[in-house]
Amino acid sequence: MRIGVISDIHGNYVAMDAVMRAMGHVDMLWCLGDLVGYGPQPNECVARLRETVHRSLRGNHDLAALGLVPLNIFNREAAAAAEWTGQHLTAENRAFVESLPEQRVEMSKFTLVHGSPRDPVWEYLLDGRQAMANFPLFDTPLCLVGHSHIPLLFDETGKGGIVKGDFVLTHQSRRFTRLIVNPGSVGQPRDRNPKAAYMILTTFPLRLEWHRVAYDIPAVQRLFKEARLPNALAERLAVGV
Ligand code: ZN
């Protein structure tokens with residue numbers, strides 16, 4: 001089975017569309033949360049997911065846009081974007097995001113969380129020490145996380161780190177024990193690579209592919225301007241931070 005894994009779309013529909021085209025046919029599509037928040041096309045993103053996604057979570061920015069967490073815990077630009085998103089989401093799209101869980105287990109093999117097993121919505125799992133603390137907190141061989149917007153890979157010894165560019169991990173190339181992986185962000189990459197990130201997970205034998213795809217960043221930046229969303233959020237897309 002070929003499964004597309006995406007995360008942190010953040011209302012960037014141009015990036016999402018590029019990812020969906022590059023991905024080609026998948027048997028299932030999983031999304032690790034933060035469908036909206038930051039970007040100018042939250043409704044387009046949620047509507048496309050409602051048609052295509054098989055499993056999705058809601059993340060911290062989704063909660064903010066829904067008004068379920070206070071905005072003062074976010075920085076100024078993120079809070080402004082969350083407020084704007086909350087005002088613009090249609091009732092159907094709002095209901096869909098609201099209905100999403102914060103974690104799930106698939107096929108008894110895959111744990112899906114936005115942040116981490118320890119804190120499914122909020123923890124930024126970024127280093128080996130945090131990974132080691134989280135391994136005892138889930139039961140499956142593989143845990144998929146988003147939230148940090150950085151493509152990552154950790155094994156149970158805490159070894160691993162940032163996955164640069166396109167990368168394939170096969171059953172042969174590494175003795176699979178248990179892994180925590182992050183596909184990276186579709187709509188706002190933060191690893192200084194502005195290309196949209198996604199993952200193809202193939203079962204079984206397990207094979208993980210990290211991919212990057214270029215998209216029309218100036219077109220998205222124009223949409224930020226038209227929506228009067230904070231300029232800093234548009235500018236960061238060009239440098240991948
Ligand atoms: Zn995010």
Side-chain angles (χ1 to χ4, degrees), residues 4-16 19 29-42 44-46 48-49 53 55-71 73-86 89 93 96-98 100-104 112-126 130 143-152 162-163 180-199 210 212 215 217 220 224 229-230 232-237 239-241:
V5 185
I6 55 177
S7 190
D8 296 279
I9 302 161
H10 284 291
N12 184 342
Y13 184 73
V14 179
M16 181 185 176
V19 162
L29 181 66
W30 294 351
C31 174
L32 306 176
D34 278 1
L35 288 60
V36 301
Y38 294 131
Q41 293 187 289
E44 288 82 349
C45 292
V46 179
R48 179 89 174 255
L49 279 172
V53 84
R55 302 286 183 267
S56 186
L57 308 173
R58 59 186 193 181
N60 57 318
H61 286 262
D62 300 320
L63 296 177
L66 295 170
L68 298 176
V69 293
L71 291 182
I73 55 175
F74 289 85
N75 67 43
R76 195 158 46 88
E77 283 90 10
E83 198 170 9
W84 181 92
T85 303
L89 268 185
N93 288 338
F96 176 79
V97 178
E98 215 156 13
L100 299 173
E102 283 163 10
Q103 54 187 313
R104 51 194 318 152
L112 278 56
V113 290
H114 181 63
S116 75
R118 176 161 62 185
D119 188 344
V121 175
W122 295 98
E123 182 178 13
Y124 290 93
L125 200 164
L126 285 163
Q130 284 175 291
C143 176
L144 298 154
V145 306
H147 192 44
S148 68
H149 300 204
I150 312 260
L152 295 165
I162 299 181
V163 177
I180 296 176
V181 301
N182 187 324
S185 167
V186 171
Q188 194 200 74
R190 292 182 190 160
D191 59 347
R192 301 199 169 272
N193 176 353
K195 292 181 177 175
Y198 68 97
M199 177 180 275
W210 282 259
R212 304 302 284 260
Y215 69 97
I217 292 173
V220 184
F224 268 90
L229 281 159
L233 297 179
E235 281 172 0
R236 64 190 293 181
L237 295 179
V239 279
V241 295

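We count residues from 1, following the sequence as given. Atoms within each ligand, like the ligands themselves, are counted from 1 in listed order.
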* To do: For the residue pair Leu68 and Arg58, establish whether any side-chain heavy-atom pair is separated by less than 4.5 Å.
  => yes
* To do: If the plane angle is over 60° it's perpendicular, under 30° parallel, otherwise tilted; pick one for Tyr38 and His61.
  => tilted
* Asked: Taking everything shown except Gln130 itself, do over 12 heavy atoms lie less than 6.0 Å from its CD?
  -> yes
* To do: Could you name all protein N, O or S atoms found under 2.8 Å from the Zn ion (ligand 1)?
  => Asp8 OD1, His10 NE2, Asp34 OD2, His149 NE2
* To do: Give the C-alpha distance, both sets of side-chain angles, the deciding distance and a yes or no for side-chain contact (heavy atoms from CB on, under 4.5 Å) between Leu237 and His10.
  => CA-CA 12 Å; Leu237 295 179; His10 284 291; over 6 Å; no
* Structure fact -> Partner of Pro42 under side-chain contact (heavy atoms from CB on, under 4.5 Å), picked from Thr85, Leu35, Val97, is Thr85
* Short N-O contact, Arg190 and Asp8, less than 4.0 angstrom -> no
